[in-house]
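These values consider heavy atoms only, across backbone and side chains, with no hydrogens, waters or symmetry-generated copies. A note on names: the letters A, B, ... follow the listed sequences, proteins ahead of strands, and every chain is numbered from 1.
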Protein chains: 2
Amino acid sequence: MVLTIRKPEIIAIARREGKVTVDGLVDHFGVTPQTIRRDLTELAETGELERVHGGAILPSTTVNIAYNERRMLNQASKVDIASACAKRIPNDCAIFLNIGTTTEAVASELLNHEGLLVVTNNINIANILSSSDQIDVIVTGGQLRRSDGGLIGDLAQNTINQFRFDYAIIGCSALRQNGDLMDFDMQEVSVSKTIIRQSDHVMLVADNSKFDRKAPAFVASMQSISTIVTDKSVPADCKTQCDVSGTDIVYASS
Amino acid sequence: MVLTIRKPEIIAIARREGKVTVDGLVDHFGVTPQTIRRDLTELAETGELERVHGGAILPSTTVNIAYNERRMLNQASKVDIASACAKRIPNDCAIFLNIGTTTEAVASELLNHEGLLVVTNNINIANILSSSDQIDVIVTGGQLRRSDGGLIGDLAQNTINQFRFDYAIIGCSALRQNGDLMDFDMQEVSVSKTIIRQSDHVMLVADNSKFDRKAPAFVASMQSISTIVTDKSVPADCKTQCDVSGTDIVYASS
DNA sequence: TAAATAATGTTCGTTTGTGATCGTTATCCT
DNA sequence: AGGATAACGATCACAAACGAACATTATTTA
């Protein structure tokens with residue numbers, strides 16, 4: 001057993017991207033392929049990764065493939081956004097993390113925070129955060145939606161109602177030009193509304209693609225949002241709306 | 001103790017960056033590599049960091065390793081027991097799966113059942129069952145216990161109270177010779193009691209090692225158990241008690 | 001202030017992770 | 001299918017990192 005200093009970062013990349021390549025890690029760490037191969041072999045021996053030709057992947061049992069692919073969408077933007085979001089969250093506070101791939105990225109970025117109480121209705125986030133002993137995780141109950149690991153239904157909502165949060169990190173399916181948050185799923189809408197009501201600061205994490213999408217159900221207007229963290233410049237209409245409602249806009253950069 | 005000033009800062013850096021290097025700390029503190037090595041060695045001895053060549057990393061995996069080892073204990077017996085248990089559970093019914101490595105094994109064996117509604121307070125079980133589209137999974141809320149993926153606290157109990165189960169599959173920390181189920185954790189005891197109260201059939205899964213153990217908290221007597229699934233023959237006292245209370249004994253065989 | 005103790009720096013022999021080479025094996029492409 | 005190409009694991013040499021022992025400096029205590 002050798003335990004290299006690169007191990008945690010390799011695991012983090014694998015968690016984030018679902019896989020790692022030898023070449024990618026060579027570029028990332030500036031070492032030879034041989035060294036990376038040794039690292040991956042070790043990680044495979046301890047069962048933390050599964051070795052494949054050219055790299056390694058997450059152990060197959062834990063991953064939902066369709067979901068994992070969606071997770072890869074705009075991966076780079078999501079990580080940037082998540083990182084910017086995590087930087088604005090202090091230690092020792094109570095936060096809620098909602099369903100969504102971007103909020104999952106935020107969870108990963110929060111792993112080095114201390115003294116957090118995190119409530120979530122996303123079982124993937126619970127899995128991610130369970131590796132930190134500095135973070136108390138509370139899971140809302142609810143029916144498990146296999147497509148994305150979300151917990152939905154009355155149970156979730158009732159649980160959320162019992163808490164007050166310093167920060168809520170939420171995503172949305174789509175953002176209208178006027179800054180309205182929209183979603184596909186009615187059940188999620190009522191959960192999101194509850195979260196917003198119970199939180200001092202509401203941070204919306206949304207990459208640029210949300211502006212091109214449509215979704216039927218109204219969640220909230222920009223007025224409810226304290227901060228929006230995104231990757232590229234937001235449409236003018238939305239920016240105006242943010243000014244009116246006093247919403248901070250944070251642009252993530254890599 | 002040598003480290004008075006640098007220790008908290010080293011830990012802080014490690015938490016923030018996921019790792020520390022000897023060189024980096026040398027620059028940071030303006031001391032010699034040897035001093036840093038001494039610091040890191042001490043931090044490693046107290047388990048606060050894990051030493052690697054060139055620096056140190058966070059010991060993030062320790063909890064999971066401990067649990068994984070426990071899961072492997074008596075693995076063969078557990079699979080046998082789980083298989084026998086799963087065979088006695090029909091399709092299209094509502095069941096509860098409690099915290100425990102053996103109940104996790106049962107979850108794996110249930111993957112080919114159809115039309116099940118499974119409620120669980122074990123996040124690992126939720127992960128396992130999420131790969132079947134024939135099983136509806138409901139997760140109780142609660143605080144996530146990192147050591148075993150259990151969800152505990154009032155939230156869990158309140159959720160369970162809202163359901164009635166055809167079958168409950170429960171484990172226990174120890175079984176007394178007279179057939180009393182015992183547990184280590186008071187919080188789990190009250191959850192288990194609730195489960196038993198809400199279920200038509202209660203199946204206890206317990207490998208033989210439970211008879212050799214002691215645990216302080218009383219969960220239930222054999223009278224509450226409909227079926228006990230185990231691997232080897234149970235002690236005479238316990239068997240008598242089963243006869244009295246009408247508890248079926250099922251011996252798993254591979 | 002002097003003695004005692006702890007912390008840090010220095011030196012040196014030892015360990016070990018890394019890179020290079022090479023023969024083998026898996027994957028890709030026609 | 002079968003050759004081309006890339007990835008792989010084993011082995012070895014080397015340099016960096018390591019720990020032990022001792023010297024030196026800071027800090028505490030009497």
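One finds no side-chain N or O of Arg37(B) lying less than 4.0 angstrom from the OP1 or OP2 phosphate oxygen of dA16(D). Listed pair Arg6(A) / dG17(C) fails the phosphate criterion, with no side-chain N or O lying under 4.0 Å from OP1 or OP2. In terms of phosphate contacts, Arg38(A) brings no side-chain nitrogen or oxygen within less than 4.0 Å of OP1 or OP2 of dG19(C). Contact check, Arg51(B) against dA17(D): no side-chain N or O comes under 4.0 Å of OP1 or OP2. Close to dT8(C), at under 4.0 Å from its OP1 or OP2, lies no side-chain N or O of Thr35(B).
Comment: Lys78(A) does not engage Glu104(A) in a salt bridge, judged by the lack of any side-chain N to carboxylate O separation of less than 4.0 angstrom. A salt bridge links Glu188(B) with Arg145(B): the closest approach of a Lys/Arg side-chain nitrogen to an acidic carboxylate oxygen falls below 4.0 angstrom.
Under the side-chain hydrogen bond (donor to acceptor under 3.5 Å, both in side chains) rule, Asn98(A) has a single partner from Thr120(A), Thr103(A), Asn121(A), which is Asn121(A).
When rounded to the nearest whole Å, the span between CG of Leu25(B) and P of dC18(D) equals 11 Å.
Residue Thr41(A) is the one, among Thr41(B) and Thr41(A), whose nearest nucleotide of DNA chain D lies closer to the 5' end (criterion: closest heavy atom). Position along DNA chain D of the nearest nucleotide to Gln34(A) versus His53(A) favours His53(A) as the more 5'-ward residue.
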Verdict with supporting geometry, Lys7(B) and Glu48(B), salt bridge (Lys or Arg N to Asp or Glu O under 4.0 Å): CA-CA 10 Å; Lys7(B) 169 175 162 174; Glu48(B) 296 176 85; 3.3 Å; yes
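In the set dA17(D), dG19(C), dA7(D), the nucleotide with an atom closest to the side chain of Val31(A) is dG19(C).
Counting non-hydrogen atoms under 4.0 angstrom, Val26(A) reaches nothing in the nucleic acid.
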